[in-house]
Amino acid sequence: MKYTRLIGTKDILPGETFPWIALQNILRDTSARFGYREIITPLIETTNLFIHSVGDVTDIVSKEMYSFKDKGERDITLKPEGTSSVVRAYLENHLTDLSKPVKLYYIDRFFRYEKPQKGRYREFYQYGAECFGSDSPAVDAEVIQLAFHLLMSMGMKDLILQLNSIGCPSCRPQYREQLVAFLTLHEKDLCSECKLRAVKNPLRVLDCKKECCQAVLAGVPITTNHLCPDCSQHFNTLQDLLTVLGLPFQCNSRLVRGFDYYNRTVFEISSTSLGSQSALLGGGRYDYLVEMLGGPPTPAVGFAMGLERAMMIIQEANSMDFFEPSTHLWIANFGGITLTESLSIANQIRQAGIRVEVDLEGKGIKKSLEAALKRGIPYLLIIGEDELKNRLFTLKDLQKKDQQSLTLQEIIDTIRNSQTNPL
RNA sequence: GUGGGUGUAGCUCAGUUGGUUAGAGUACCGGUCUGUGGAACCGGUUGUCGAGGGUUCGAGUCCCUUCACCCACCCCA
């Protein structure tokens, strides 16, 4: 094979595209039901945007970005995540002037230089929702409600919501201090990576899965015990709201996120029916990011969902019905004038919204019959010289196995009125 | 980045202790068949046996290297 697809990329083939589109339809429809509006941002951004928003000590920025210089010597990066771009566009296009809260969503593709495995690619699709301009816990609750609504519209079950609060600039420093003190005390028992994390990004130590670290973490100071009164109240109100809304959750004091811009609420929804790559969706509050990127103080909440993993669950559970439009009518002909006429008649029938294909090689009835049956096409139209004489064509119903001589209009009516393969 | 598994036709797979020109099914194309049912029969195309090197008179088979895919770790969605 001379050319092959790049590692970690995927072709979506005929037969697979329609489930994707159907999934996107669900995402758009559900988002609209919550008042979210779609935003489309460029695939590329300046590299600094991600360094400043996601954080330069995160794995994504430090080793997973597709970055390059363009011919104008500009530093450019293929988007590794969506929130940074949305915030940039929100500021650059003065969406700050819209009445708050501003609710946006995106369906986009992103790039991360990671080792591919099940449900994870280097080029991947994400849906994301972002809500700007309110620090009310009701926004957190509604965003989580949207997340559940989306997943359930896809027919998903076995969902687990994990919830935590990681505080704000007025309470996190103190917590961080205690955490670092604790980690320093137990430094010798931590794994080599966590020894580094303890200095650079101590919160990340909390979700290390290594046994040695887990043992140490048994006695670790817990974020939710160190929240300031405002954060604490915010977190409690959110939990009350979720309870009232009937959204089941587990508080997990070890839950943290991989991006630096989060504060207060963080959450993750996973599915027990996935293997190791079980996280379907994750997000949280980022009240300081807009300001960090040069905008006015603007509290915000959001989450992102990986669509490959969602597709895997949907397909395994067979939980969505996909309808791919397929051809209604195949036209058999005998070449020459009958082929020319077939092309012309096909277009007349298409005007009525019917999906028509013509035997472009004029190989006669037998071959067309086989072709139509092989493709599962329900109707076959025969256009030969006999038919052309009196403009009465032979329409075969391949399911009922009968045929009749009809005018063009009668053919259109017959196909439109049939229940198979609707328009 | 680390570890394990797998690579033979578009797809599913045979291929003996190393032995001639690498096979089957399926798919695809053509014919029987220039106006009627998914068939049947006949014929045809497709492989650098993942790639490179080594051992050998001889390698799909043994050895080394490498690449890709799958799975797990890491990380993330």
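Every chain is numbered from 1 and lettered A, B, ... according to where its sequence line falls, protein lines coming before strand lines.
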Compare the minimum distances between each of [options] and the side chain of [X], then state the nucleotide with the smallest one.
X: Ile7(A); options: C29(B), G35(B), A68(B); value: A68(B)
X: Thr394(A); options: C75(B), G38(B), G35(B); value: G35(B)
X: Asp386(A); options: A77(B), G35(B), A39(B); value: G35(B)
X: Ile382(A); options: G30(B), G1(B), G35(B); value: G35(B)
X: Ile365(A); options: U36(B), A77(B), G37(B); value: U36(B)
X: Arg112(A); options: G37(B), G35(B), A77(B); value: A77(B)

Using modelled atom types and a 3.5 Å cut-off, is there a donor and acceptor pairing between side-chain atoms of [X] and backbone atoms of [Y]?
X: His234(A); Y: Asp135(A); answer: yes
X: Arg355(A); Y: Ser326(A); answer: yes
X: Glu308(A); Y: Tyr125(A); answer: yes

For RNA chain B, what dot-bracket results from Watson-Crick or G-U pairs at under 3.5 Å, with [ ] for crossers and | for inter-strand partners? (((((((..((((.....[...)))).(((((.......))))).....(((((..]....))))))))))))....
Whole-Å distance between [N] [atom2] and [X] [atom1]?
X: Lys118(A); N: C75(B); atom1: NZ; atom2: P; answer: 21 Å
X: Gln117(A); N: G1(B); atom1: CD; atom2: P; answer: 14 Å
X: Arg120(A); N: A77(B); atom1: CZ; atom2: C1'; answer: 10 Å
X: Leu360(A); N: C29(B); atom1: CG; atom2: C1'; answer: 17 Å
X: Ile269(A); N: A77(B); atom1: CD1; atom2: C1'; answer: 12 Å
X: Lys115(A); N: C67(B); atom1: NZ; atom2: C1'; answer: 12 Å
X: Gln399(A); N: G38(B); atom1: CD; atom2: P; answer: 16 Å
X: Leu369(A); N: U34(B); atom1: CG; atom2: C1'; answer: 15 Å

How far does the [atom1] atom of [N] sit from the matching atom of [M], given to the nearest Å?
N: C62(B); M: G44(B); atom1: C1'; result: 37 Å
N: G50(B); M: U16(B); atom1: P; result: 14 Å
N: U21(B); M: C49(B); atom1: P; result: 14 Å
N: G5(B); M: C11(B); atom1: P; result: 24 Å
N: A68(B); M: C33(B); atom1: C1'; result: 46 Å
N: U61(B); M: G18(B); atom1: P; result: 11 Å
N: G3(B); M: G60(B); atom1: C1'; result: 28 Å
N: U45(B); M: U2(B); atom1: C1'; result: 45 Å

Sequence neighbours excluded - ring pair (Phe, Tyr, Trp, His ring centres under 6.0 Å) pairs with any residue from residues 383-402 of chain A: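 Residue pairs with at least one partner in residues 383-402 of chain A: there are none.
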Assign [X] to base, sugar-phosphate, or nothing according to its heavy-atom contacts below 4.0 angstrom with the strands shown.
X: Arg257(A); result: sugar-phosphate
X: Leu380(A); result: nothing
X: Gly362(A); result: nothing
X: Glu370(A); result: nothing
X: Gly384(A); result: base
X: Glu64(A); result: sugar-phosphate
X: Glu361(A); result: nothing
X: Tyr113(A); result: nothing

Glu370(A)/Arg375(A) salt bridge by N-O under 4.0 Å criterion: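 Between Glu370(A) and Arg375(A) there is no salt bridge, as every charged N stays at least 4.0 Å from the carboxylate O atoms.
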Salt-bridge test for Arg285(A) and Asp140(A): reply yes if a basic N is under 4.0 Å from a carboxylate O, no otherwise.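 Salt bridge flag = yes for Asp140(A) with Arg285(A).
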Would you say Lys363(A) places a side-chain N or O within less than 4.0 Å of OP1 or OP2 belonging to U34(B)?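 No.
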Check the pair Tyr106(A) / Glu130(A) against side-chain contact (heavy atoms from CB on, under 4.5 Å), numbers first and verdict last. CA-CA 9 Å; Tyr106(A) 58 84; Glu130(A) 317 285 357; 3.6 Å; yes
Report the residue (Glu385(A) or Arg5(A)) whose heavy-atom-nearest nucleotide on RNA chain B is the more 5′ of the two.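 Going by which nucleotide is closer to the 5' end, it is Glu385(A).
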Taking the nucleotide of RNA chain B with the nearest heavy atom to each, does Phe334(A) or Phe124(A) sit closer to the 5' end?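 Final value for this comparison: Phe334(A).
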Decide yes or no, distance alone: a donor-acceptor N/O pair under 3.5 angstrom between the base of G37(B) and the side-chain of Lys396(A).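 Flag set: donor-acceptor pair detected.
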Is the Lys NZ or Arg CZ of Arg37(A) less than 6.0 Å from the centre of Tyr105(A)'s six-membered ring, within 45° of the axis?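 So Arg37(A) doesn't make the cation-pi contact.
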Quick check on Ile44(A): does its CD1 atom have over 12 non-hydrogen neighbours (other residues, nucleotides or ligands) under 6.0 Å away?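 No - once you tally the heavy atoms of other residues, nucleotides and ligands closer than 6.0 Å, there are 12 at most.
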Distance flag, aromatic centroids of Tyr288(A) and Tyr261(A), threshold under 6.0 Å: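 Ring centroids of Tyr261(A) and Tyr288(A) are no less than 6.0 Å from each other.
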